[in-house]
Amino acid sequence: MILAEWKEAVFAAIARACRAAFHRDPEGLEAGFPPEVGLGDFAVACFPLARPFRMSPAEIAARIAAAASPEPPVAAIRAAGPYLNVALQPAAFFGASIAALRAAGDRLGNSAAGAGRRVMVEYLSPNTNKPLHLGHLRNAALGIAITRLLEATGHRVIPAILINDRGVHICKSMLAWQRFAGGATPASAGMKGDHFVGTWYVRYAIEAEKDPSLEPAVQEMLQRWEAGDPEILALWKTMNGWVYEGFAETYRRFGMRFEVVYYESETYKLGKDVIADGLARGVFTRDERGNTVFVLPEKPFGREKDGSPKRVTVLRPDGTSLYITQDIGTAIRKVTEHALDSSVYVVGSEQEHHFQCLFAILEALGFPWARACRHLSYGMVYLPEGKMKSREGKVVDADDLIEGMVELAAEEIRRRDPEGRLAAEEIRRRAETIGVGAIKFYLLRVRPAQSIHFDPAESISFDGFTGPYCQYAYARIFGILEKAAERGIAEESADFGRLGNPEETLLLRHLLQFPEEVAAAAAEFSPARLAVHVFNTARAFNQFYNRHAVLQAETAGLAAARLALIRATALVLKRGLELLGLEVLENM
RNA sequence: GCGCCUGUAGCUCAGCCGGAUAGAGCAACGGACUUCUAAUCCGUAGGCCGGGGGUUCGAAUCCCUCCAGGCGCGCCA
């Protein structure tokens with residue numbers, strides 16, 4: 001039985017008792033968990049009955065409890081002030097719950113809320129002039145997690161990336177390379193391609209300080225690029241190729257996967273037709289200076305100081321595009337090419353206004369899917385010194401951070417393996433999973449709307465509310481399961497009636513809640529919610545583990561029952577971590 | 001001027017579509033490894049839930065207002 005079924009059974013038992021006591025049906029009651037496990041397995045507050053029954057909730061609870069004649073699986077109904085606490089028979093509660101969890105298997109947590117819906121999740125949006133940094137990793141962690149959460153709720157998700165591969169900033173690194181690199185390549189420099197190109201972007205900024213002639217040279221290069229100059233295009237392709245090779249390595253390491261790749265060089269001219277069409281249909285207007293503008297509705301956008309409605313320009317008088325022009329075009333292209341029902345954009349909160357405008361415009365243009373589009377907005381990642389400044393080079397480089405975390409994990413693993421029994425390759429494999437998992441969890445554990453104050457000392461910790469803590473709980477369970485298999489303990493002989501101590505009950509509660517937490521995390525676009533739940537589940541397991549023996553339990557039936565309980569726990573931890581984009585380890 | 005976000009323990013954060021004494025991690029202090037992995041667990045200490053009003057049987061949660069911080073507000077991306 002799943003949580004909803006238990007709640008239904010509890011409600012039915014209370015309804016029966018209510019009819020016995022008052023000869024009428026209760027309405028508006030909801031079953032939840034009591035604040036302490038000792039009180040019971042489920043709790044129902046009687047406040048909603050106070051008004052219709054014209055009686056105090058405590059009195060109602062007392063009378064219902066007195067009139068109750070519990071039938072299995074309900075063992076007892078007790079009043080506690082205005083609450084009714086319901087105890088279930090452990091054999092049924094644990095047995096049927098664990099059976100349902102195991103039956104779900106790798107589909108545990110899946111639901112059908114989004115069945116049949118196709119949604120594109122666009123995330124990362126890197127520039128090809130410099131390597132990825134910590135901010136990108138928050139974006140990626142969110143993109144990966146939301147992709148999996150939407151898949152778990154039945155959506156067909158198409159992960160996509162839009163690469164900003166053109167513009168002045170790209171030309172800056174090109175110009176610097178052209179002038180100062182002397183033909184160097186990533187291979188000759190022994191650098192990852194994206195880092196190599198990034199050095200020339202930095203070099204440009206340094207040189208431009210000294211030589212004011214570089215700025216016009218960059219502008220000229222951009223014009224030649226737009227004119228299709230073969231020499232410039234060749235350089236552009238070569239350097240972007242280096243960057244993509246470097247990016248691919250980071251994508252792979254961090255677990256990013258894109259089914260569709262959009263290049264801004266291919267999308268930046270999109271949107272003009274739609275704007276022209278919209279202008280003809282009166283969706284847009286021309287302002288006094290010849291800009292094509294969209295008048296924003298007052299409802300969410302407010303008004304200007306002078307009381308006039310706010311506007312957004314969608315096309316310049318000379319017909320050249322703006323950021324939003326191509327975004328309109330790209331949004332439509334996505335939907336037509338992939339038959340989408342909606343689009344999700346994982347982009348920082350500084351662009352909230354932009355996306356509000358974009359969605360409002362798409363809706364005004366008459367696209368029915370516009371209302372379903374969503375900007376998954378997230379806060380800044382601050383360094384101890386302040387906001388990350390890419391031009392000053394004061395960023396946490398993504399590759400450096402990953403490598404640093406993996407190395408720390410490797411040290412920790414070696415510390416636990418003083419005899420050196422583990423092969424270097426195995427240490428590396430585990431360290432990779434732990435290090436990357438630690439970063440992802442650290443970036444996902446707070447709500448997207450919150451800004452993150454990146455604390456290097458705290459971020460490298462594997463204690464407490466962290467990914468490795470959750471992975472460790474899984475590994476501990478796996479160790480027990482392995483030993484149980486060696487000893488041939490059969491879970492079929494489980495005596496679930498022996499379960500029910502506070503630690504076991506609390507653990508079961510977390511397992512039962514898992515599917516609803518997944519559904520809620522997806523619906524709220526909040527992986528943090530799931531991260532909290534996975535951590536709480538791991539904690540509940542560790543508390544159980546420290547107090548009770550599984551293999552050495554008093555009876556074989558109890559050992560088997562506990563084995564079934566922790567096997568279900570392992571399943572929840574694995575599924576939960578996977579949905580967050582983390583992997584589990586069978587040994588740590 | 002307007003819009004959005006944030007304000008909860010020393011620090012970082014949950015809880016925010018109202019319900020049992022406001023939770024967790026870190027840091028501090030004190031304990032627990034001949035027993036299934038101590039990357040663990042237990043205990044102690046730490047809170048006018050930014051301030052003030054209101055709605056309600058009941059408010060961290062909803063409404064109003066003020067304060068503080070952040071992001072943004074047509075012709076940048």
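Lettering follows sequence order; numbering is per chain, from 1. Just so you know, these numbers use all the heavy atoms, side chains as well, and skip hydrogens, waters and symmetry mates.
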Determine the Euclidean distance between corresponding [atom1] atoms of [M] and [N]; express it in Å to zero decimal places.
| N | M | atom1 | value |
| --- | --- | --- | --- |
| B/rA14 | B/rU8 | P | 10 Å |
| B/rC76 | B/rU61 | C1' | 40 Å |
| B/rC29 | B/rC67 | P | 42 Å |
| B/rA45 | B/rG50 | P | 24 Å |
| B/rA24 | B/rC66 | P | 36 Å |
| B/rC4 | B/rC64 | P | 11 Å |
| B/rA60 | B/rA9 | C1' | 14 Å |
| B/rA77 | B/rG25 | C1' | 38 Å |

Rounded to the nearest Å, what distance is computed from the [atom1] atom of residue [X] to the [atom2] atom of nucleotide [N]?
| X | N | atom1 | atom2 | value |
| --- | --- | --- | --- | --- |
| A/Phe441 | B/rC13 | CZ | C1' | 12 Å |
| A/Tyr382 | B/rC11 | OH | P | 18 Å |
| A/Leu506 | B/rC42 | CG | C1' | 15 Å |
| A/Phe454 | B/rC13 | CZ | P | 13 Å |
| A/Ile452 | B/rU6 | CD1 | C1' | 14 Å |
| A/Arg430 | B/rA39 | CZ | P | 13 Å |
| A/Arg414 | B/rA39 | CZ | C1' | 16 Å |
| A/Arg529 | B/rC17 | CZ | P | 11 Å |

- Message: Taking the nucleotide of RNA chain B with the nearest heavy atom to each, does A/Pro468 or A/Arg51 sit closer to the 5' end?
- Response: A/Pro468
- Task: Please determine if A/Arg138 forms a cation-pi arrangement with A/Tyr378, meaning its NZ or CZ atom is less than 6.0 Å from the six-membered ring centre and no more than 45° off the ring axis.
- Result: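 Pair A/Arg138/A/Tyr378 does not count as cation-pi.
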- Is the Lys NZ or Arg CZ of A/Arg166 less than 6.0 Å from the centre of A/Tyr268's six-membered ring, within 45° of the axis? yes
- Message: Return the CD to CZ distance between A/Gln471 and A/Arg430, rounded to the nearest 0.5 Å.
- Response: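 It comes to 12.0 Å.
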Consider the side chain of [X], meaning its heavy atoms from C-beta on, and name the nucleotide among [options] that approaches it most closely.
| X | options | value |
| --- | --- | --- |
| A/Val446 | B/rA14, B/rG74, B/rC73 | B/rA14 |
| A/Tyr469 | B/rU40, B/rA77, B/rU21 | B/rU40 |
| A/Glu350 | B/rA39, B/rC71, B/rA14 | B/rC71 |
| A/Asn542 | B/rA77, B/rC41, B/rC13 | B/rC41 |

- Message: Can you tell whether the side chains of A/Arg415 and A/Glu412 come within less than 4.0 Å, N to carboxylate O?
- Response: yes
- Message: Salt bridge check, A/Arg414 against A/Glu407: does any charged N sit closer than 4.0 Å to a carboxylate O?
- Response: yes
- With a cut-off of 6.0 Å (strictly less than), are more than 12 heavy atoms of other residues, nucleotides or ligands near CD of A/Glu27?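 Not buried by this count: 12 neighbours or fewer within 6.0 Å.
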- A/Gln351 atom CD, over 12 foreign heavy atoms within 6.0 Å: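 Atom CD in A/Gln351 is packed in, count exceeds 12.
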- Query: Is there a donor-acceptor contact under 3.5 Å from the side chain of A/Ser308 to the main chain of A/Glu304?
  - Reply: no
- Query: What string of B, S and - do you get for nucleotides 23-38 of chain B 5' to 3' if you count protein non-hydrogen atoms under 4.0 Å?
  - Reply: -SSS---------BBS
- Nucleic acid footprint by protein, nucleotides 58-64 of chain B - heavy-atom cut-off 4.0 Å, B for base, S for sugar-phosphate alone: -------
Could you pull out the protein-nucleic contacts involving nucleotides 2-5 of chain B (nitrogen or oxygen on both sides, under 3.5 Å)?
| from | atom 1 | to | atom 2 | distance (Å) |
| --- | --- | --- | --- | --- |
| B/rG3 | O2' | A/Pro300 | O | 3.3 |
| B/rC4 | O2' | A/Glu352 | OE1 | 3.1 |

- Query: Think A/Arg316 has a side-chain N or O under 4.0 angstrom from the OP1 or OP2 of B/rC76?
  - Reply: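 For B/rC76, OP1 or OP2 has a side-chain N or O of A/Arg316 closer than 4.0 Å.
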- Message: Any side-chain N or O of A/Gln471 below 4.0 angstrom from OP1/OP2 of B/rA39?
- Response: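 No, because none of the side-chain N or O atoms of A/Gln471 sits under 4.0 Å from OP1 or OP2 of B/rA39.
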- Message: Categorize A/Asp417 for me: base, sugar-phosphate, or nothing, with a 4.0 angstrom heavy-atom threshold over every strand shown.
- Response: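 Touches nothing.
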- Task: For the residue pair A/His548 and A/Glu504, confirm or rule out a side-chain donor-acceptor distance under 3.5 Å.
- Result: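 Side-chain D/A pair, A/His548 to A/Glu504: absent.
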- Going by atom types alone, do A/Asn129 and A/Ser173 pair a side-chain donor with an acceptor below 3.5 Å? no
- Check RNA chain B for consecutive Watson-Crick or G-U pairs with both distances under 3.5 Å and list the runs of at least three as stems. B:1-7 with B:67-73, B:10-13 with B:23-26, B:28-32 with B:40-44, B:50-54 with B:62-66
- Query: According to the side chain to side chain donor-acceptor pair (under 3.5 Å) rule, which pairs have a member within residues 533-543 of chain A, sequence neighbours left out?
  - Reply: A/Tyr469-A/Asn542, A/Arg476-A/Asn542, A/Asn536-A/Arg539
- Message: Can you list everything that forms a side-chain contact (heavy atoms from CB on, under 4.5 Å) with A/Pro297? Sequence neighbours excluded, please.
- Response: A/Phe294, A/Lys299, A/Pro300, A/Phe301
- Item | Side-chain-base donor-acceptor pair under 3.5 Å for A/Asp287 and B/rG74 |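 Result: at least one qualifying N/O pair found.
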